[in-house]
Amino acid sequence: VQLQASGGGRVQPGGSLRLSCVASEFTLDYFAIGWFRQAPGKEREGVPCISSRDGITYYADSVKGRFAISGDNAKNTVYLQMNSLKPEDTAVYYCATDLSDNCRYGLGLEVIEYDYWGQGTQVTVSS
């Protein structure tokens with residue numbers, strides 16, 4: 001199981017970025033994918049998750065209305081569209097997969113629920 005996150009970068013406040021998470025050696029059809037972020041000195045926190053089985057999503061309150069998670073099972077890829085970015089969104093972003101698909105049950109933002117993690121991609125929001 002491998003996950004490859006990409007798409008990070010530096011952007012000004014109010015800008016947008018789209019992150020991608022490509023899965024290999026397994027298919028996403030029946031699992032959940034979550035995006036997490038970790039800022040320096042802070043704990044890793046769940047941002048959104050998506051159940052690949054039926055498209056159920058959950059978002060952290062801090063990103064509702066600004067971020068959107070979506071999946072393309074044919075490409076084995078999950079995207080995180082981030083709009084109206086704020087300096088406090090600055091962090092290393094990780095994608096992870098939960099083989100038990102707990103996103104469907106409202107547990108998709110919990111680090112402990114995830115089984116495999118990709119490497120992070122840095123997002124910096126700064127003027």
Short side-chain donor-acceptor distance under 3.5 Å, D72 and T77:
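No donor-acceptor contact under 3.5 Å links the two side chains.
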For a quick test of reading the model, state the closest non-hydrogen atom pair linking [X] to [Y] and the distance between them.
{"X": "V123", "Y": "L19", "value": "CG2-CD2, 4.1 Å"}
{"X": "A32", "Y": "D101", "value": "CB-OD1, 3.2 Å"}
{"X": "E113", "Y": "D98", "value": "O-OD1, 3.0 Å"}
{"X": "I69", "Y": "I33", "value": "CD1-O, 3.9 Å"}
{"X": "S62", "Y": "R37", "value": "OG-NH2, 3.4 Å"}
{"X": "R66", "Y": "S84", "value": "NH1-O, 2.9 Å"}

Side chain to side chain contact (heavy atoms under 4.5 Å, CB included) partners of F36, counting only residues at least two apart:
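With neighbours one apart ignored, the set is R44, A96, V111, Y114, W117.
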For S70, enumerate each residue passing the side chain to side chain contact (heavy atoms under 4.5 Å, CB included) test, keeping only those at least two apart in sequence or located in another chain.
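If we apply the side chain to side chain contact (heavy atoms under 4.5 Å, CB included) test to S70, skipping adjacent residues, the hits are Y79.
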Which other residues end up in the same hydrophobic cluster as I112, if Ile, Leu, Val, Met, Phe, Trp and Tyr are linked when side-chain heavy atoms come under 4.5 Å apart?
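Answer for I112: none, a lone residue.
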For R18, check salt bridge (charged side-chain N to carboxylate O under 4.0 Å, His left out) against everything at least two apart and list the hits.
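Scan of R18 (salt bridge (charged side-chain N to carboxylate O under 4.0 Å, His left out), adjacent residues dropped) gives none.
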Kindly indicate whether the side chain of [X], heavy atoms from C-beta on, has any atom under 4.5 Å from the side chain of [Y].
{"X": "Q38", "Y": "E45", "answer": "no"}
{"X": "T57", "Y": "P48", "answer": "no"}
{"X": "P87", "Y": "S126", "answer": "no"}

What disulfide (SG to SG under 2.5 Å) pairs are there with at least one residue in residues 51-107, not counting sequence neighbours?
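Sorted pair list: C21-C95, C49-C103.
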Output the distance between atom [atom1] ([X]) and atom [atom2] ([Y]), rounded to the nearest 0.5 Å.
{"X": "S52", "Y": "N73", "atom1": "OG", "atom2": "CG", "answer": "5.0 Å"}
{"X": "T90", "Y": "L85", "atom1": "OG1", "atom2": "CG", "answer": "8.5 Å"}
{"X": "K42", "Y": "E88", "atom1": "NZ", "atom2": "CD", "answer": "8.5 Å"}
{"X": "Y93", "Y": "W35", "atom1": "OH", "atom2": "CH2", "answer": "10.0 Å"}
{"X": "D115", "Y": "N102", "atom1": "CG", "atom2": "CG", "answer": "9.0 Å"}

Is D61 paired with K64 through a side-chain N to carboxylate O contact shorter than 4.0 Å?
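Counted as a salt bridge, because a side-chain N and a carboxylate O are separated by less than 4.0 Å.
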According to a 4.5 Å side-chain heavy-atom criterion applied to Ile, Leu, Val, Met, Phe, Trp and Tyr, with indirect links allowed, do [X] and [Y] form part of one hydrophobic cluster?
{"X": "Y116", "Y": "V92", "answer": "no"}
{"X": "F31", "Y": "Y105", "answer": "no"}
{"X": "L109", "Y": "L80", "answer": "no"}
{"X": "V125", "Y": "M82", "answer": "yes"}
{"X": "L3", "Y": "L99", "answer": "yes"}

For residues 1-10, which residue pairs qualify under side-chain hydrogen bond (donor to acceptor under 3.5 Å, both in side chains), counting only residues two or more places apart or in two chains?
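Qualifying pairs: none.
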Q119 side chain vs A5 backbone, donor-acceptor pair below 3.5 Å:
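Answer holds: yes.
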